[in-house]
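Below, read A as the first sequence line, B as the second, and so on, with proteins coming before strands; counting in each chain starts at 1.
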4 protein chains.
Amino acid sequence: MQILKDEIRNKILDVAENLFYQNGFRDTTTRSIAKAVGISVSNLYLYYENKEAIFYGVTDGFFEYFINGFKTFVNHDDKSNGMNIDISHVFQRIIKVDQKKFIIIADKSQGTKYEGFKEQIINILSNHMLSQVNKEFVEDELIIYILAKNFMEGIIEIAKNYKDDRWLEKSIGTLVSYHINGMKHLM
Amino acid sequence: MQILKDEIRNKILDVAENLFYQNGFRDTTTRSIAKAVGISVSNLYLYYENKEAIFYGVTDGFFEYFINGFKTFVNHDDKSNGMNIDISHVFQRIIKVDQKKFIIIADKSQGTKYEGFKEQIINILSNHMLSQVNKEFVEDELIIYILAKNFMEGIIEIAKNYKDDRWLEKSIGTLVSYHINGMKHLM
Amino acid sequence: MQILKDEIRNKILDVAENLFYQNGFRDTTTRSIAKAVGISVSNLYLYYENKEAIFYGVTDGFFEYFINGFKTFVNHDDKSNGMNIDISHVFQRIIKVDQKKFIIIADKSQGTKYEGFKEQIINILSNHMLSQVNKEFVEDELIIYILAKNFMEGIIEIAKNYKDDRWLEKSIGTLVSYHINGMKHLM
Amino acid sequence: MQILKDEIRNKILDVAENLFYQNGFRDTTTRSIAKAVGISVSNLYLYYENKEAIFYGVTDGFFEYFINGFKTFVNHDDKSNGMNIDISHVFQRIIKVDQKKFIIIADKSQGTKYEGFKEQIINILSNHMLSQVNKEFVEDELIIYILAKNFMEGIIEIAKNYKDDRWLEKSIGTLVSYHINGMKHLM
DNA sequence: AATGAATGAGGCTTCATTCAT
DNA sequence: GATGAATGAAGCCTCATTCAT
């Protein structure tokens with residue numbers, strides 16, 4: 001009673017996604033993937049070239065989506081205020097498409113070509129915020145970086161708890177306005 | 001001779017602290033510790049039972065301190081507003097006493113008994129915030145949890161960048177008021 | 001339908017011959033054979049019991065031919081001079097019939113029952129040469145063995161570069177007369 | 001009853017030398033080395049960084065020696081006849097220093113940085129021979145290459161059978177004069 | 001007859017831990 | 001105390017071979 005290839009191929013991605021999500025790329029073993037799928041380790045290699053390929057199988061399509069969505073924000077936003085409603089939409093869309101993949105790429109990718117990605121996003125956010133802020137109130141740019149990181153991690157955490165679209169919308173809305181309010185006295 | 005032993009015992013903790021801080025418990029090898037101390041790997045085991053014991057050697061004292069400091073806040077604070085000046089002091093003290101240990105326990109402890117620690121702190125913070133907030137505005141308690149986590153991660157990030165007390169005070173101040181301002185429209 | 005089978009059966013041998021020739025038995029994978037044939041690896045096993053059987057499919061017929069041709073030389077030659085024109089013909093014929101198989105058996109058979117084959121041929125050549133040589137000049141029989149091996153490897157190398165019959169004839173001729181001239185002062 | 005480190009370190013090289021000599025680098029497994037030494041595979045890695053490092057442990061010193069000796073020949077020999085008494089001395093010295101290492105580098109090094117080395121030596125020899133030969137007699141340079149390879153393999157074979165210096169001297173002498181006599185009618 | 005799927009054995013390497021001196 | 005030496009378990013990956021359809 002052999003299971004169909006696509007079934008397994010997808011099950012591998014499914015299982016791997018969960019394991020990468022829980023333990024990150026580095027601490028997820030081929031063994032644990034194989035065990036969770038219910039196949040031998042060597043069988044894994046019929047479906048994917050190596051552990052990294054499984055990771056990219058999980059993330060690649062989503063990564064393009066992420067980048068495109070984020071570019072929209074970066075380009076459109078330069079003239080308006082740094083952390084406005086737009087970014088709310090951007091992240092909403094990204095998370096709706098796939099919360100776990102978002103988290104994996106942003107936070108569990110050490111050892112893959114995506115490590116360093118979260119940092120880049122934070123830097124972009126940080127630069128945006130910096131351009132909105134009154135330099136007199138902020139003697140140290142580091143605090144802005146920290147707040148940008150803070151915001152990004154809020155987004156990630158929301159992604160981790162995402163269940164339905166209404167909740168997501170409201171939560172990101174709350175997070176964004178929370179941060180905008182937070183920023184006001186720095187402006 | 002007993003002095004010599006203590007010297008090594010402490011150097012191990014010193015070195016291990018730095019390595020745990022940089023790479024986390026899981027990615028720190030006994031070999032790297034021994035090498036940095038300048039002793040043999042096997043000698044490590046005369047001082048500590050195993051890698052985990054070294055971790056606890058580094059963190060345990062600090063952990064009590066943390067808990068006590070935090071309890072003070074928890075107990076004193078029930079009647080006042082959730083995230084007020086007091087917590088600012090609590091974390092300042094904790095970070096001043098030992099930023100690295102704080103980060104290690106909170107963020108680098110995967111694989112040890114402390115791996116759920118950060119979560120617990122966030123839960124406590126979350127409960128506090130929840131008691132301060134207007135339930136009508138916050139239909140979902142989860143968002144409060146997320147903001148609590150957000151705050152905690154801000155603290156951790158500040159700890160990572162801590163250099164001098166003035167900066168620390170100002171940064172935590174900024175973070176706290178940022179979050180208080182953020183929370184205001186939820187109250 | 002039987003025809004189809006034979007077509008594949010032969011294509012396997014064809015492909016395997018080239019791969020064994022290039023990489024040797026040990027470093028030729030069943031996967032590479034199947035891929036080059038354009039069939040599945042498992043299908044290979046319907047035609048041949050295992051990788052070794054494929055090797056023998058490629059070599060066995062030729063091996064008989066080789067042995068027979070060589071025996072002719074061995075038997076006819078006992079009364080004349082050890083390395084004369086006859087052996088030139090023998091190897092010419094063998095290489096013309098199949099240079100690759102000759103090389104495979106002689107030089108690429110580690111891991112198969114033929115792995116000692118080259119050695120045997122060299123021993124036969126060596127014994128022949130020994131019977132032609134002036135024992136006073138050659139105190140050590142080993143040097144004769146080495147020269148025999150040397151000659152055999154010359155033949156193998158010529159086989160590796162074989163393109164057309166004229167070249168082959170001339171090259172073996174050169175090699176043989178080179179070795180005969182070389183031997184003259186040992187006689 | 002622990003064996004001294006140096007004893008094992010050397011035993012590893014000893015054992016590995018024999019295995020590399022018999023099976024080549026690629027077909028020698030860490031397992032087989034460990035088993036022959038009588039230790040665990042992981043223990044191997046206390047002494048050498050990896051399999052390749054063991055190979056270089058066996059060969060490196062000798063490689064320098066080889067190159068130096070051979071350069072002497074190449075430089076000194078340009079004005080005299082290609083395969084003369086000098087080369088006899090060069091190879092004698094090289095083989096006396098270490099026959100097996102010579103063979104390993106020249107013939108068993110696939111997968112290491114020395115693969116391709118034998119080819120280079122043969123090319124140098126071939127070019128030398130080519131400059132000595134009457135082009136009218138040799139329409140195809142390939143045959144010269146083959147004879148150079150032939151000579152090199154003669155040297156290797158002598159190396160394989162080397163026992164004492166007198167024998168070596170005589171054998172190389174025989175091989176060289178054999179080849180010089182062989183070449184004479186090509187000149 | 002054909003093949004996609006599966007796997008155990010084995011290859012190289014690292015790591016935490018233990019042992020003998 | 002101290003340490004060089006040793007090792008089993010585990011990690012990633014490949015290969016020849018077998019099985020179910």
Side-chain angles (χ1 to χ4, degrees), chain A residues 1-9 26-34 37-54 111, chain B residues 1-2 4-5 8-9 26-34 38-54 111, chain C residues 1-2 4-5 8-9 26-34 38-54 111, chain D residues 1-9 26-34 37-54 111:
Chain A
M1 200 235 296
Q2 250 169 278
I3 308 172
L4 289 176
K5 202 178 177 177
D6 278 357
E7 211 173 306
I8 298 230
R9 184 174 213 86
R26 231 183 176 151
D27 290 333
T28 298
T29 67
T30 53
R31 225 181 217 207
S32 69
I33 297 172
V37 175
I39 61 175
S40 68
V41 176
S42 53
N43 198 15
L44 231 45
Y45 287 82
L46 276 186
Y47 294 93
Y48 296 94
E49 210 188 340
N50 51 33
K51 198 174 84 160
E52 220 174 324
I54 298 177
Chain B
M1 206 195 294
Q2 190 58 27
L4 237 185
K5 267 196 75 171
I8 294 199
R9 178 175 280 275
R26 237 176 167 151
D27 291 335
T28 298
T29 67
T30 53
R31 223 174 153 223
S32 69
I33 296 172
I39 61 174
S40 68
V41 178
S42 47
N43 201 10
L44 233 44
Y45 285 81
L46 291 182
Y47 292 94
Y48 297 94
E49 205 190 342
N50 52 30
K51 198 173 85 164
E52 218 173 327
I54 297 176
Chain C
M1 209 195 293
Q2 190 59 26
L4 237 187
K5 270 197 71 169
I8 293 197
R9 178 175 281 275
R26 236 173 169 154
D27 291 335
T28 298
T29 67
T30 55
R31 223 175 154 221
S32 70
I33 297 172
I39 62 174
S40 66
V41 177
S42 46
N43 201 12
L44 233 45
Y45 285 81
L46 291 182
Y47 292 93
Y48 297 94
E49 206 189 340
N50 52 32
K51 198 173 85 163
E52 219 173 326
I54 297 176
Chain D
M1 201 236 293
Q2 250 167 275
I3 308 171
L4 289 176
K5 202 179 179 177
D6 277 357
E7 211 173 305
I8 298 232
R9 181 173 216 89
R26 232 185 176 149
D27 291 333
T28 298
T29 67
T30 53
R31 225 182 218 206
S32 69
I33 296 172
V37 176
I39 61 175
S40 68
V41 177
S42 52
N43 199 15
L44 233 44
Y45 286 81
L46 277 186
Y47 295 93
Y48 296 94
E49 208 189 340
N50 52 32
K51 200 175 84 161
E52 219 173 326
I54 297 176

ask   = When we call it a touch if two heavy atoms are under 4.0 Å apart, what does A:Leu44 touch: a base, just sugar-phosphate, or nothing?
value = nothing
ask   = In whole angstroms, how far is the P atom of E:dA20 from the CD1 atom of D:Ile8?
value = 15 Å
note = With sequence neighbours left out, the residues meeting side-chain contact (heavy atoms from CB on, under 4.5 Å) with D:Ser40 are D:Ser42, D:Asn43
ask   = What's the spacing between B:Ile54 CD1 and B:Ile33 CD1 if we round to 0.5 Å?
value = 4.5 Å
remark   = Heavy-atom closest pair (B:Lys51 atom, B:Thr28 atom, distance to 0.1 Å) is NZ-O, 2.9 Å
task = Please report the shortest heavy-atom distance between B:Thr30 and B:Leu44, naming the atom on each side.
result = O-CD2, 3.6 Å
ask   = Rounded to the nearest Å, what distance is computed from the CD1 atom of residue B:Ile33 to the C1' atom of nucleotide E:dT17?
value = 13 Å
request  = Would you mind reading off the distance between A:Glu7 atom CD and E:dG4 atom C1', rounded to a whole angstrom?
outcome  = 14 Å
query = Who pairs with B:Glu52 by side-chain contact (heavy atoms from CB on, under 4.5 Å), at least two apart in sequence or on another chain?
reply = B:Phe25, B:Asn50, B:Tyr56
Nearest-angstrom distance from the residue atom CG of C:Asn43 to P of F:dT18 = 15 Å
message = Show the nearest heavy-atom pair for residues C:Lys5 and C:Tyr47, with the distance to one decimal.
response = O-CE2, 3.5 Å
Nucleic acid footprint by protein, nucleotides 9-14 of chain E - heavy-atom cut-off 4.0 Å, B for base, S for sugar-phosphate alone = --SSBB
remark   = For A:Arg26, the side chain to side chain donor-acceptor pair (under 3.5 Å) test, sequence neighbours excluded, returns A:Gln110
request  = Using only side-chain N and O atoms of D:Tyr47, determine if any of them is under 4.0 Å from OP1 or OP2 of F:dG4.
outcome  = no
note = A:Ile54 atom CD1 is separated from F:dG11 atom C1', nearest whole Å, by 13 Å
inquiry  = Distance check needed: F:dA10 C1' versus A:Asp27 CG, whole Å only.
reply    = 13 Å
request  = Identify all stems in which DNA chain F takes part, counting only runs of at least 3 consecutive pairs (Watson-Crick or G-U wobble, each distance under 3.5 Å), and give each as one range with another, ordered by first number.
outcome  = E:2-21 with F:2-21
task = Would you indicate which nucleotide in E:dA2, F:dA2, F:dA6 comes nearest to any side-chain atom of B:Leu46?
result = F:dA2
ask   = A:Arg9 CZ to E:dA6 P: how many Å, rounded?
value = 12 Å
